[in-house]
Amino acid sequence: MNSAMMVNSKAAETEAAQVSTAAEYFRGRSLPIQDGTSTITANGSGKTAFAEAQNVGSQFGTALDQDAQNIRRLGNAFEEFDAMMGALNGQGN
């Protein structure tokens with residue numbers, strides 16, 4: 001089989017690992033309770049805004065995890081395709 005046509009599975013795994021690493025930056029963080037007795041409206045609004053931002057970031061991290069899985073699956077599918085094409089080529093068809 002022509003080695004120039006083979007899938008570089010190491011590169012695909014490296015890319016997937018990099019995407020997974022990036023996803024770690026978007027994991028939800030808890031907001032430490034600084035003032036549990038405040039009645040200031042801005043305090044509650046700030047906590048709500050923080051929670052919403054954490055939710056969006058977490059969703060983005062989840063999407064990155066899915067992308068990493070897709071990269072790995074695509075790399076595996078191309079490896080299988082390369083193997084099938086090599087077998088077909090070996091048969092002279």
Salt bridge between K10 and E13, side-chain N to carboxylate O under 4.0 Å? no
Give, for atom CZ of R72 and atom CD of Q69, the distance between the pair rounded to the nearest 0.5 Å. 7.5 Å
Heavy-atom pair of closest approach, residues A23 and D65: CB-OD1, 3.3 Å
Single-linkage hydrophobic cluster, 4.5 Å side-chain cutoff, Y25 and I71 together: yes
Roughly how far, to the nearest 0.5 Å, is the CG atom of L64 from the OG atom of S20? 8.5 Å
Carefully, step by step, assess N70 and R73 under the rule side-chain hydrogen bond (donor to acceptor under 3.5 Å, both in side chains). CA-CA 5 Å; N70 290 342; R73 277 193 286 253; 2.9 Å; yes
Side-chain atoms of residues 52-63: list all donor-acceptor pairs with protein atoms under 3.5 Å, sequence neighbours left out, distances to 0.1 Å.
unit_1: Q54; atom_1: OE1; unit_2: R29; atom_2: N; d: 2.4
unit_1: T62; atom_1: OG1; unit_2: S58; atom_2: O; d: 3.0

Quick one: CG on D67 to CD on E15, what's the gap to the nearest 0.5 Å? 12.0 Å
